[in-house]
Amino acid sequence: FTTDWVVRYILDNSLGRYWIERHPESQLASKLTYLVTPKDGSIETVNETISPEELKVLDPCVGSGHFLSYAFDILLEIYRECGWSDRDAAKSILENNLHGLDIDDRAAQLACFAVAMKARKYNRRILNGETTLNIFAMQDSDLITEDIVRYFAGKDEKLRNDINELRITFNNAKEYGSIITIPKLDFAALYERIDIISRSFAEDILQIGYQNTVIEQLLPLVKQAEILSKKYDVVATNPPYMNKYSPRLKDYIN
């Protein structure tokens with residue numbers, strides 16, 4: 001559990017500062033209670049331009065979404081001073097700015113609910129299914145069999161190699177979580193193939209089973225791999241407290 005002021009202090013001095021450094025004209029500092037500045041109130045600037053929708057924020061062990069919920073508040077102020085309406089800003093924040101991962105399914109669900117309900121205060125259409133959230137529970141790859149790989153990749157050797165990389169990478173993913181390093185993958189090709197399979201007509205029960213596995217088991221692996229492969233402007237989290245852990249996790253860390 002992290003107290004509210006700690007979350008605000010961390011994000012005021014990471015996400016908030018990151019924006020102000022690149023936009024010295026910004027009035028955001030007046031909205032950040034815990035922003036630390038020199039006595040003269042100045043903040044050193046960075047010669048780099050960035051738009052609100054380009055800011056990438058990640059909580060790699062998201063819990064119930066406490067960090068992302070407050071990050072939403074800061075981002076909303078940033079969008080406002082750039083002339084965005086609250087309605088458009090709320091949708092863009094969920095789709096472009098906030099990213100989260102957790103090994104616990106229920107925690108990821110709670111985080112999705114927390115940020116979605118916060119966004120709904122400004123945009124009533126957030127819950128109509130058209131808005132994509134980038135918060136996921138890590139999933140293992142144990143259900144991706146050789147048969148699924150053959151069905152998915154067909155004769156495409158590159159797709160076959162990428163799927164096998166995913167299988168290896170996410171073996172025991174629910175134990176390793178976001179410390180996993182992602183190999184280079186062709187995400188565009190993976191998503192294109194998943195889309196083709198999801199729209200195709202399965203001719204028999206076996207193919208229906210393969211098709212469902214691709215949509216329900218493989219697609220989440222691709223999504224979590226993409227989240228882990230990205231670069232982020234701000235990473236803020238409350239690391240899990242582990243005074244003991246399994247030999248498998250210890251070996252992986254070592």
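- When side chains are defined from C-beta on, L221 counts as touching I144, because their heavy atoms get closer than 4.5 Å.
- In this pair, W5 and Y9 present their aromatic rings perpendicular. The plane angle is above 60°, beyond the 30 to 60° band.
- Between the side chain of D140 and the main chain of K174, a donor-acceptor pair closer than 3.5 Å is present.
- The side-chain heavy atoms of V234 and L58, taken from C-beta on, include no pair separated by under 4.5 Å.
- The side chain to side chain donor-acceptor pair (under 3.5 Å) contacts involving residues 90-104 comprise Y79-S92, Y79-N97, K91-E95, S92-N96, where partners must be two or more places apart or lie in separate chains.
- Side-chain N or O atoms of N254 include one that pairs as donor or acceptor with a backbone N or O of K250 at under 3.5 Å.
- With salt bridges taken as basic N to acidic carboxylate O contacts below 4.0 Å, none links D156 and R160.
- Side-chain atoms of R193 do not come within 3.5 Å of backbone N or O of L159 as any donor-acceptor pair.
- Between W19 and E81, some side-chain heavy-atom pair lies under the 4.5 Å cut-off.
- Within the structure, salt bridge (charged side-chain N to carboxylate O under 4.0 Å, His left out) contacts touching residues 60-79 (residues at least two apart or in different chains) are K31-E77, D73-K118, E77-R80.
- Contact check for D142 versus R167: no side-chain heavy atoms found under the 4.5 Å cut-off.
- Contact annotation: the side chain of I74 approaches that of L28 to within less than 4.5 Å [non-hydrogen atoms, C-beta and beyond].
- Looking at Y122 and S85, their side chains never come closer than 4.5 Å, going by heavy atoms from C-beta outward.
- Looking at R150 and D147, a side-chain N of the basic residue comes within less than 4.0 Å of a carboxylate O on the acidic one, giving a salt bridge.
- Within a 6.0 Å radius of CG in N47, no more than 12 heavy atoms belonging to other residues, nucleotides or ligands are found.
- Remark: R22 is positioned above the aromatic ring of Y18, its terminal NZ or CZ atom under 6.0 angstrom from the ring centre and at most 45 degrees off the axis.
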